[in-house]
Each structure stands twice: as C-alpha cells, then as structure tokens.
Amino acid sequence: MCTIMGYCGKSGGMEYITNGLEATVSRGPDDCRIIDLRDGVLGFQRLSIMGLTPEGMQPFELNGNYVVCNGEIYGFLKQRDELIAKGYTFKSDSDCEILLPMYKEYGTEMFSKLDAEFACIIYDCESHEFIAARDPIGIRPLYYGYSAEGGITFASEAKNLTKVCEKIMPFPPGHFYKNGEFTCYCDITAVDEVIYDDIETVCGNIREKLVAGVEKRLAADAKVGFLLSGGLDSSLVCAIAQQKSDKPIKTFAIGMNTDAIDLKYAKQVADYIGSDHTEVIITKDDVLDSLETVIKLLGTYDITTIRASMGMYLLCKAIHERTDIRVLLTGEISDELFGYKYTDFAPSAEEFQKESVKRVRELHMYDVLRADRCISVNSLEARVPFGDLDFVKYVMAVDPEIKLNKYNKGKYLLRHAFEGDYLPNDILYREKAAFSDAVGHSMVDYLKEYAEEQYTQAEFEEKSAKYTHAAPFTKESLLYREIFEKYYPENSEMVVDFWMPNKEWEGCNVNDPSARVLSNYGQSGV
C-alpha cells in the first residue's frame, strides 16, 4: 500500500499534508515526498511493490503535471508500449508512471481504460486544478473533506484528514472529481445485458475469469503471500495460485487457542495444494488488548467489520513481524457476488440482485475497508482477485435466477465452476463459517462479554440515545461507537449504517450480524 494526499488551496497546504501523513507512516514506510505546487500540495508515502528503484518514487511529473497514485495497474506493460509508440519515455518500471501520459492522451476518459485497483490525484498545471479518481469497487481507499479555508483535500485514509477537515466522507468508487463535481465513469453493478447462458457455460466463464484474476495479481517485484481461512473463497485463490506457481506458495491462517474452527480446514487445504503453511494462534488477551487499536485503524463502528478485523489484523501483524512478504492475496468480495448465508432467504431473483448491487456498492465501507486497513497498517499490500473488474462485471450480469440457492448449497455456481483438480470435493462443498466466527466462536463471545461489562442497562440506554445516525442497538455496538468517536468525532456518516442481513426478508430480522443466529447456519463452521 501507499498513502496519497492532495490539498487544493494556496495557503496552509504544506502543514496540512505534513501533519496528515504522520498518521499513516506504516502504510508507506519506504519513502516520503511532498511537492508544493502553485495551486496546492501533493504528498506521497511509498510502499515499494512494483518498480523498486528510486526512479519509481512518486509524485511522477510530466511537463509540469503531477500525479500520486496508490494502486496496481494490471496489464500496464501493454499500455506503456502503446504510449512509447506515441513518443513517451519512462524512467522506471512502476505501473503508475503511465498515468500522466494517459491523462495527456485521453483526459478523464483514461479512468475507464484502467484495469486497476487504484486511487489517484492529478495536478493539471494548465488548468490549475486537481483531478482525483477511485477504482470502481473502491478497493483502494480515498477520502475527502474541506479545510477551514474552503479547499477540498483528498487522502488515502480518514485519519489523514482529522486535523484538516471537520467533515470527512469516502470518495465514491467509480467516480472522478473535476471542476468541483464528482462524475461516475463506471458503475460496476450496472448490467447492460443479462446473461442467460446455461449453467455449464456460465461456470466455465466464472472459472476462466477468476483464474485470470488471480494470475494477474501474482505479478510483483516484492514477495507475495496468501491468507487462507480454509473456506471456499480463500481456498480457491490459493489453489489457483499454487497451480500457477513453480514452487510452494506461502499461506497463513489464524485461530483462537481454544476453538479455532478453520485452522484444521486451512491445513487440509494447504496439505492438498502443497503450500508452505503457517498457523498463528491468538488468545482472549490478544483480542481485547487490540480492540481499540483495530477500531482506530479501521475508522468504523460497524460490528461485523470490527469482529472480522480482529483476526485479520493480528494475522497480518504476525506476517509483518515474522516474514519479508509485502503483498497478500485475499478472498474478499465473493460473498457479495454469489451470496451470503442470509441471501438464501431472498424472496426472488430480483431481490437477490438488488441485494447484490447494494452490497457491491457499499463494499468500500465494510469488507474492502477491513482488508485494506488490516493489511496496510502492517506495511503490506492487499490484492483481491474476486474484485477483478472483468470477473465482477460478468457475475453481476449473470441471470440472478441461477444465482439463487436452488441447489441446497450456497455459492453453487462458484463451487461447480471449480470441480476437478483444484480442490477435493469435500473441501469445495464444505459449508463455511463467517470469518470472525471461524477464528473461534469464543472470540466473538469474548467481545460481547467484554462489552456487557462496560455498561449497566441504564447507562447503555442513556449513552445510546445521544446518537441519531446509526444508533447503537447493543452494548457491543455502543462500545465500538464510543471508541470510534474518540478518534473520528462527528464523522459516523463515513459509514452508511451497520452491516446487517436484510431485515425485510423473512428469517433475517435479527439483531446480530453473525450468520450463527440464522436458522440455516446448520453445519457451517463445524
């Protein structure tokens, strides 16, 4: 990961950017550079992944224009060759160096031409303005707010802006900012034409596109590792990567010291694919001691996100401390496309699709935010194969009638797509627990018990009443909200609400986000 910041204004910018970057040194520990421009300031903290030489340091400059970018641009070598043919020259092997030539050639149309996870800020010296943009899913973070002087300021994380802006908001995915307006250049959930192919054709395409999504994310000048929970999604990413690698990949799993459900399944997958596997064991004290740190680094009060982040943060912390790995591939985004436990209750194909659209559009506030923060705070980079743009566009366009769980098995299309030699059938078709539960049911129970100890019922009711947006509804949610407000006061609207099952559906009107409370949980996580 890297940190980018951009301040638009003629005064105070250097101080704002300098102070803001102090909050995210671990995100870009290798180098830092701040450029004072005529109309504002750009700042960059580097985590070296592609183009490791000093020439790959940002901001990049071209004829007075500047850019800072946090991201990975896949297939950039082909685009660079096309730009070389047009007369451009390059000083580094960094993928992001192609951005200014692309801007020169295509203007803001460039963003729809990128196959990338990215957030970037461009300074145009001719128009004296700043242009910012973010990838269609929001895998790379970007926030914005307005300084006391009235200038807009952009940054990778909300914590970069807390001393600059009173009100902080997430930059909308799939948009660019120019001339004071946000313009959508790609709605990743929009379906131009529904795909009504038969299941075998659809599953064949799902397999082909996911394999391609994993393969392109293996390219890095730094060392790559894999998070492996033992569930379907991370297991598939690891199995594909192992088939594409000529030596054992490095996989990592985490679990509580008492009842870690998934450690045994992760080891089973690792043994089958032949990976170099590491287990990290955590305790109740590890979890409770890290709670405030995790909420601060996340910038959220959402229960699901915080619970699921405990294990991921501690696992990535161990990877950072014990290895020289810099890039991690993860299994996020599969659920939003193929369904959760609660989408088994979807009353119709239309409702399933509406829910999928909602979840994909909100990913940047929940699972994607979790992966980015837990990984980047430990000076690592996250790559998300299920977020491959071609893959997401395809699955979103598949007839939702066949995405419904009519098969007595959730995510049937994804499972069926990979029948064969990637994973044995008992792993491929095993039900999976939610990640926070699979780390150990005890972990969530410890968090809930700890929260219960903090408030009497009267205190809970009194303290909860002062919040109008996303009001706490359990003692656990109140505890998280109070810690959040300590670091991000009056900025709860950075997150739209709590991640919860769709309560309008029969069987989903629950007050805990864990799939454990649903009637169809069954053998999940056993």
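Around OH of Y450, the count of heavy atoms belonging to other residues, nucleotides or ligands within 6.0 Å does not exceed 12. Heavy-atom contacts from other residues, nucleotides or ligands closer than 6.0 Å to CD of E462 number 12 or fewer. Under a cut-off of 6.0 angstrom, the local environment of CD in E461 is crowded, with over 12 non-hydrogen atoms contributed by other residues, nucleotides or ligands. Around the CG atom of N408, the shell of radius 6.0 Å holds no more than 12 heavy atoms that belong to other residues, nucleotides or ligands.
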For side chain to side chain contact (heavy atoms under 4.5 Å, CB included), just list the numbers for I121 and F44, CA-CA rounded to whole Å, side-chain angles, deciding distance to a tenth of an Å, and then say yes or no.
CA-CA 10 Å; I121 309 165; F44 182 75; over 6 Å; no
Applying side chain to side chain contact (heavy atoms under 4.5 Å, CB included), run through L232 and S334 and close with a yes or a no.
CA-CA 9 Å; L232 175 66; S334 171; 5.6 Å; no
With side chain to side chain contact (heavy atoms under 4.5 Å, CB included) as the test, would you mind laying out the steps for L291 and M310 before giving the verdict?
CA-CA 7 Å; L291 179 59; M310 300 306 302; 4.1 Å; yes
Show your reasoning for whether side chain to side chain contact (heavy atoms under 4.5 Å, CB included) applies to Y340 and L518.
CA-CA 11 Å; Y340 301 86; L518 298 174; over 6 Å; no
Full working for side-chain hydrogen bond (donor to acceptor under 3.5 Å, both in side chains) between T300 and T305:
CA-CA 8 Å; T300 189; T305 308; 4.9 Å; no
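Annotation: side chain of Y480 is in contact with side chain of I295 (closest heavy-atom distance under 4.5 Å). Within the 4.5 Å cutoff, the side chain of N378 has heavy atoms near those of the Y313 side chain. The side-chain heavy atoms of L236 and L428, taken from C-beta on, include a pair separated by under 4.5 Å.
Sorted by first and then second residue, the pairs that involve residues 314-323 and meet side chain to side chain donor-acceptor pair (under 3.5 Å), not counting sequence neighbours, are K317-E321. Note on residues 155-168: pairs passing salt bridge (Lys or Arg N to Asp or Glu O under 4.0 Å), not counting sequence neighbours, are R27-E157, E157-K159, E157-R373, K167-E493. Sorted by first and then second residue, the ring pair (Phe, Tyr, Trp, His ring centres under 6.0 Å) pairs involving residues 291-311 (not counting sequence neighbours) are Y301-F484, Y301-F498.
Annotation: side chain to side chain donor-acceptor pair (under 3.5 Å) contacts of Y412 (sequence neighbours excluded): none. Partners of Y177 under the ring pair (Phe, Tyr, Trp, His ring centres under 6.0 Å) rule, at least two apart in sequence or in another chain, are F154, F182. Qualifying side-chain contact (heavy atoms from CB on, under 4.5 Å) partners for N502, counting only residues two or more places apart in sequence or in other chains: Y342, E355, E504, W505. Under the side chain to side chain donor-acceptor pair (under 3.5 Å) criterion, Q353 pairs with K403, not counting sequence neighbours. Under the ring pair (Phe, Tyr, Trp, His ring centres under 6.0 Å) criterion, Y446 pairs with no residue, sequence neighbours left out. Take D367 and apply the side-chain contact (heavy atoms from CB on, under 4.5 Å) test, not counting sequence neighbours, and it matches E332, E336, L363, R370. Qualifying side chain to side chain donor-acceptor pair (under 3.5 Å) partners for N425, counting only residues two or more places apart in sequence or in other chains: none. Residues satisfying the side-chain contact (heavy atoms from CB on, under 4.5 Å) test with T456, not counting sequence neighbours, are A458, E459. The side chain to side chain donor-acceptor pair (under 3.5 Å) search around D276 returns K250, not counting sequence neighbours.
When atom types are taken as modelled, the side chain of S477 and the backbone of F473 share a donor-acceptor pair closer than 3.5 angstrom. Side-chain N or O atoms of N160 include one that pairs as donor or acceptor with a backbone N or O of G20 at under 3.5 Å. Between the side chain of K409 and the backbone N or O of Y429 there is at least one donor-acceptor pair closer than 3.5 Å. Using modelled atom types, one side-chain atom of Y488 and one backbone atom of K296 make a donor-acceptor pair closer than 3.5 Å. Here the side chain of S156 pairs a donor or acceptor atom with the backbone of I4 at under 3.5 angstrom.
A donor and an acceptor atom, one from each side chain of N257 and T283, are nowhere located under 3.5 Å apart. When only modelled atom types and interatomic distance are considered, E149 and Y16 share a side-chain donor-acceptor pair under 3.5 Å. Neither side chain, T474 nor E476, offers a donor N or O lying under 3.5 Å from an acceptor on the other. Of the N and O atoms on the side chains of S26 and S379, not one donor lies less than 3.5 Å from an acceptor on the other residue. Side-chain atoms of S376 and E381 include no donor-acceptor pair closer than 3.5 Å. There is a side-chain donor-acceptor pair under 3.5 Å between T258 and S442.
Between E350 and K354 there is no salt bridge, since no side-chain N of the basic residue sits under 4.0 Å from a carboxylate O of the acidic one. Taking 4.0 Å as the cut-off between side-chain N and carboxylate O, K223 and D324 count as a salt-bridged pair. Ion pairing between R383 and D388 fails under the 4.0 Å rule for side-chain N and carboxylate O. Between K411 and D233 a salt bridge is recorded (basic side-chain N to carboxylate O distance below 4.0 Å). Using a cutoff of 4.0 Å between basic side-chain nitrogens and carboxylate oxygens, R481 and E485 are scored as salt-bridged. Salt bridge status for R430 with D262: present, with a side-chain N to carboxylate O gap under 4.0 Å. Classification of R361 and D187 as a salt-bridged pair holds, one side-chain N sitting under 4.0 Å from a carboxylate O.
Of all heavy-atom pairs spanning I325 and G225, the tightest one is CG2-N, 3.7 Å.
Using bins of under 30°, 30° to 60° and over 60° for the plane-to-plane angle, the ring pair F338/F391 lands in the tilted bin.
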